[in-house]
Amino acid sequence: MTMDERFLDPLFLQRTLSGYAQGFAALADAVRSPAGSGAADFGAIQQSFVAGYQRLFAPGGLAAAPPPTGTGAALERYQRAAARSSELAASIAHNASRRLAAALTASGPETPPITSLGELHALWIECGEAAYAEAARREEFATAQAELLMALVELRAASS
Amino acid sequence: MAEFAQRMALATAELASLDVRTEGCTPRTEVMRRGKTVLWRYAREAPEAGLAPLVICYALVNRPYMLDLQPDRSLIRGLAASGLDVYLVDWGYPDRGDSHLSLDDYVNRHLGACIDHVRAAHGVGAVNLLGVCQGGTLSLCHAALHPERVKNLVTMVTPVDFHTDDNLLSRWVRKVDVDRVVEVLGNVPGTLLNAAFVALMPLRLTVRKYTGLADLAGDRAALENFLRMERWIHDSPDQAGTAFREFIRSFFHENRLLKGGLQIGGRPVDPQRITCPILNIYARHDHLVPPAASRALEGLTGSRDYSAFEFDGGHIGIYVSRSAQELLPRTIAQWLRSR
């Protein structure tokens with residue numbers, strides 16, 4: 001393979017960009033208070049983090065194809081690994097949204113108010129990366145990532 | 001939000017109309033080929049500096065045109081403009097028929113053949129060797145196994161200690177049963193490695209990058225830069241299974257270059273056998289090869305002439321940032337001239 005096949009698809013980049021733009025719009029909507037109450041929708045903010053992280057838990061180039069018969073044990077292992085990874089992604093997202101909530105409600109001379117979508121987005125990224133970095137250094141994260149990869153490999157082995 | 005959506009739509013449409021070249025910009029000639037490995041010679045852009053030719057050994061992961069991305073972002077062009085005779089080892093795209101290629105093949109046979117070609121072409125006993133990222137690790141191994149072939153060694157963002165506390169990639173990789181991965185997959189997909197690299201800083205390397213594209217709408221040059229970088233990022237060769245397994249086990253799992261006991265092709269790789277001058281360049285904010293992983297080279301070899309240069313940037317910025325274009329070719333060329 002000479003280049004990631006997805007990139008050879010002329011619509012790949014456009015679809016990717018569209019996905020991130022939609023995520024940005026969802027974040028903006030969540031913070032703009034969907035019910036018009038003036039309060040940010042932190043459930044929606046958390047969901048925006050979950051969506052961002054869950055993209056990570058399917059190693060590129062090994063996406064699980066529809067399993068043929070005879071892959072029962074491998075499929076079960078993969079499902080367990082995927083579920084564990086989703087748990088971790090949700091936990092990181094929860095931490096990230098808590099950080100963002102704290103940052104948005106903080107006040108004082110060192111925390112000027114957010115006045116633009118760009119600033120909000122930068123803060124979202126900062127909080128998300130901080131929560132992720134904290135989790136990614138833990139043994140349980142490395143174990144879950146490795147198990148997901150190995151489960152995908154075994155699924156591939158069982159399918160071939 | 002509406003303005004953001006408009007700019008994003010505009011940038012996306014503009015991107016679709018662009019067609020950028022990514023095979024490099026400095027004139028070059030293929031001078032040797034062994035298997036998928038190609039040795040390129042670049043046109044010198046200044047009077048000869050009177051130095052031994054410089055052979056650049058890039059990593060097996062990703063493509064080396066990052067070093068020659070466009071005229072104003074090209075380490076290779078900067079080196080050629082300093083009067084150096086520059087050669088580049090391009091490992092190509094291994095396919096299924098290459099899954100048996102080992103570190104012995106890459107380090108001794110392929111890199112060795114490239115260096116021998118340059119030595120013969122210039123009538124010199126030893127070359128200047130510049131190893132980049134994983135290519136630096138391979139270059140260190142080659143220099144330890146064949147010290148007589150290397151006059152001066154420059155390592156750039158090169159991992160030496162694979163077990164530093166801040167090496168996230170290493171923490172993850174150490175949990176992977178690489179034998180089983182290679183047994184099942186044969187060659188290891190480049191897309192898999194890409195996913196791992198992006199997972200180091202996922203929001204910055206995906207969400208921020210892509211939403212930031214809206215700011216580039218209407219700026220053709222910036223969009224072309226963006227597209228070149230995207231192509232490079234997605235242009236990840238599959239990895240020959242045997243060499244990948246050996247590299248992961250010996251370096252990531254067992255950290256043998258630092259701890260000792262490394263063998264390639266059945267021969268011990270002893271860094272103490274490297275006695276030539278060494279310039280070790282690393283990036284202060286490197287998220288992929290942390291500075292501590294590179295700095296571990298100091299004192300590891302038998303060289304009495306060791307210099308280090310800390311670049312104020314990251315793993316990508318060291319190739320393509322404006323400051324890198326100004327600093328790195330000059331630093332390398334001056335260091336070589338003074339030896």
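So you know, we letter chains A, B, ... as the sequences are listed, proteins then strands, and number each from 1. Computed from a prediction, not measured in an experiment: that's the story for all the values here.
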Is the closest side-chain heavy-atom distance between I125(A) and T211(B) below 4.5 Å? no
Taking R137(A) for its side chain and D165(B) for its backbone only, find out whether a donor-acceptor pair lies under 3.5 Å. yes
Using a cut-off of 6.0 Å, state whether more than 12 heavy atoms not belonging to E3(B) lie near its atom CD. no
Contact origin within E154(A) toward chain B - heavy atom pairs under 4.5 Å: side chain
M150(A) vs V181(B), test: side chain to side chain contact (heavy atoms under 4.5 Å, CB included). Steps then yes/no. CA-CA 7 Å; M150(A) 297 314 300; V181(B) 171; 3.7 Å; yes
Looking at every non-hydrogen atom in both residues, tell me the closest pair between W172(B) and A136(A) and how far apart they are. NE1-O, 3.2 Å
What distance separates E147(A) CD from D177(B) CG, expressed to the nearest 0.5 Å? 11.0 Å
To the nearest 0.5 Å, atom CZ of R138(A) lies from atom CZ of R171(B) at 11.5 Å
Charged N to carboxylate O under 4.0 angstrom, E139(A) versus K175(B)? yes
Does atom CZ (R284(B)) have a neighbourhood of more than 12 heavy atoms from anything else shown, all under 6.0 Å? yes
Between the side chain of Y132(A) and the main-chain N/O of L203(B), is any donor-acceptor distance below 3.5 Å? no
When every non-hydrogen atom of V153(A) is compared with those of R180(B), the smallest separation belongs to CG1-O, 4.1 Å
Could you tell me which of L200(B), L168(B), N187(B) has the largest number of non-hydrogen atom pairs under 4.5 Å with chain A? L168(B)
